[in-house]
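These numbers come from a predicted model, not from an experiment.
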Amino acid sequence: MARATGVIGIEKLREKPDEETTTAWHATAARDVAEELATSTHQGLDPDAAALRLDRHGPNVIETAGTTPWFRVLGRQFVDVLIAILAVAAVVSLLLGETVDAVTIAIIIVLNGLLGFVQEWRAEQAIDALRNLLAHEAHVIRGGRRLVVSAELLVPGDVIEISVGDRIPADARITTSIDLTADESSLTGESESVLKTTAPVAADAPLAERASMAWMGTSVTNGRASAIVVATGMRTQFGKIAELTQAVGRDPTPLQRQLATLGKRLGIVAVA
């Protein structure tokens, strides 16, 4: 095992497994984190090793399915066989003179569509808001040199430097800290800045109490520190929130589930 104080080259990188690690980084000593990720706290990754890791892990970005125009989001709320059955039922009721029934069914169809639209549209807007919180650049040490690179190019094992006013570009294990505090309200909801340290914390500590970690999307309010990147992109805590937010639009509302049941029953009756 190469020492953590030397530049880690391509040969060392190839010894690392491709599988995602399940290490509790916040509970691991900083020197052990460097050893596990085959990096150096002083020299950082070799540029060639960083390039290989970028190919393996992908860019440090929050992935989205793409922005859908609002009218398409609204329109697909009504593209459903069961909604079509309800629409036919409304028309039949109107032709039979059952105006109240027809209006009631029409209101249900419209209300269902509007609720689904609001849910999906808010989810898409939330993703845009999350992406606006991300850092665009990062101060990184590679091959012993201090560089400013696009945050998208960060990989696990990169050694980054953060200071007051910076957005933290990835999830990272703090290795040195001078009075570092961070605003983590975007992640944990905690309104007060959190003091960060280098000491490991309990493995079962909740997210808000993992003082040895710096999280993507949060901001430094005081001090400075260096840290080893342990997760990027959708593998970060921020990425997991983004993934859950995008999933919201795909989950049916209680009203949509009830309408599905009603539509099935109406379909059975119509066929009978």
Requested in this report: Taking T23 for its side chain and W25 for its backbone only, find out whether a donor-acceptor pair lies under 3.5 Å.
Outcome: no
Report summary line: In this structure, CD1 of I160 is separated from CG of L147 (nearest 0.5 Å) by 13.5 Å
Query raised in the report: Nearest heavy-atom pair of A172 and A227: which atoms, and what distance?
Result: CB-CB, 3.6 Å
Query raised in the report: For E152 and L54, which heavy atoms make the closest approach, and how far apart are they?
Result: O-CD1, 4.0 Å
Query raised in the report: Side chains of T221 and S193: do they bring a donor and an acceptor to under 3.5 Å?
Result: yes
Query - I108 CD1 to L111 CG distance, which is reported to the nearest 0.5 Å - result: 8.5 Å
Query - Candidate pair L45 and V155, rule side-chain contact (heavy atoms from CB on, under 4.5 Å), full reasoning - result: CA-CA 9 Å; L45 290 174; V155 296; 3.6 Å; yes
Query raised in the report: Just by distance, do the side chain of D101 and the backbone of E98 share a donor-acceptor pair under 3.5 Å?
Result: no
Report summary line: The side chain to side chain contact (heavy atoms under 4.5 Å, CB included) partner of L195 among D179, N222, T181 is T181
Report summary line: dist R53:CZ -> L154:CG (nearest 0.5 Å) comes out at 12.5 Å
**Report entry** Hydrophobic cluster membership, V88 vs I105, 4.5 Å side-chain cutoff
**Finding:** no
Query raised in the report: Just by modelled atom types, is the V140 backbone N or O under 3.5 Å from a matching donor or acceptor in the R146 side chain?
Result: no
Report task. Say whether L94 and I107 are linked into one hydrophobic cluster, either directly or through other cluster members, by side-chain heavy-atom distances under 4.5 angstrom. Result -> no
Query raised in the report: Within a strict 4.5 Å, meaning less than it, do heavy atoms of the R167 and S219 side chains meet?
Result: yes
Query - Whether T236 side chain and G233 backbone form a donor-acceptor pair below 3.5 Å - result: yes
Requested in this report: State whether the side chain of D183 and the backbone N or O of T218 hold a donor-acceptor pair below 3.5 Å, judged by distance alone.
Outcome: no
Query raised in the report: For the hydrophobic clusters of this structure (ILVMFWY residues joined by side-chain heavy atoms under 4.5 Å, transitively), does one cluster hold both V194 and V201?
Result: no
Report task. Rounded to the nearest 0.5 Å, what's the gap from NZ on K240 to CD on Q237? Could you check? Result -> 4.5 Å
Requested in this report: Run the numbers on L180 and I162 for side-chain contact (heavy atoms from CB on, under 4.5 Å), then give the verdict.
Outcome: CA-CA 9 Å; L180 184 77; I162 50 178; 4.0 Å; yes
Query - Lys/Arg-Asp/Glu bridge criterion (N-O < 4.0 Å) met for E161, R224 - result: no
Query raised in the report: Out of curiosity, F238 CZ to S186 OG, how far, rounded to the nearest 0.5 Å?
Result: 5.0 Å
Requested in this report: Determine whether V149 and I168 fall in the same hydrophobic cluster, where Ile, Leu, Val, Met, Phe, Trp and Tyr are linked whenever their side-chain heavy atoms lie under 4.5 Å apart.
Outcome: yes
Requested in this report: Find out whether T232 and P156 are in side-chain contact, i.e. whether some heavy atom of one side chain is under 4.5 Å from a heavy atom of the other.
Outcome: yes
Query raised in the report: Can E36 and R31 be counted as an ion pair, charged N to O under 4.0 angstrom?
Result: no
Query raised in the report: Is a side-chain donor or acceptor of T175 paired with a backbone partner of S226 at a separation under 3.5 angstrom?
Result: yes
Report task. Apply salt bridge (charged side-chain N to carboxylate O under 4.0 Å, His left out) to E184 and K196, showing your working. Result -> CA-CA 11 Å; E184 298 183 344; K196 296 295 181 177; 2.4 Å; yes
**Report entry** Heavy-atom closest pair, residues A90 and A102
**Finding:** O-CB, 3.3 Å
Query raised in the report: Do you know which two heavy atoms are closest between M216 and N60, and how far apart they sit?
Result: CE-OD1, 3.0 Å
Requested in this report: Give, for atom CG of L187 and atom CG of D171, the distance between the pair rounded to the nearest 0.5 Å.
Outcome: 8.0 Å
Query raised in the report: Taking all non-hydrogen atoms of both residues, which atom of A30 and which atom of I174 are closest, and how far apart?
Result: CB-O, 4.2 Å
Requested in this report: For the pair S212 (side chain) and H26 (backbone), establish whether a donor and an acceptor sit closer than 3.5 Å, ignoring hydrogens and angles.
Outcome: yes
Report summary line: Which of D158, D46, D48 passes salt bridge (charged side-chain N to carboxylate O under 4.0 Å, His left out) with R142? Answer is D158
Query raised in the report: Would L37 and I228 count as a side-chain contact (heavy atoms from CB on, under 4.5 Å) if you check the C-alpha gap in whole Å, the side-chain angles of each, and the deciding distance to 0.1 Å?
Result: CA-CA 9 Å; L37 291 175; I228 299 174; 3.8 Å; yes
Query raised in the report: Does the side-chain contact (heavy atoms from CB on, under 4.5 Å) test come out yes or no for V159 and T39, once each step is laid out?
Result: CA-CA 8 Å; V159 176; T39 190; 4.1 Å; yes
Requested in this report: Could you pull out the closest heavy-atom pair between M234 and I62, with the gap in Å?
Outcome: SD-CA, 3.8 Å
**Report entry** In one Ile/Leu/Val/Met/Phe/Trp/Tyr side-chain cluster, 4.5 Å: V91, V100
**Finding:** no
Query raised in the report: When you measure from the side chain of R173 to the backbone N and O of A27, does any donor-acceptor pair fall under 3.5 Å?
Result: no
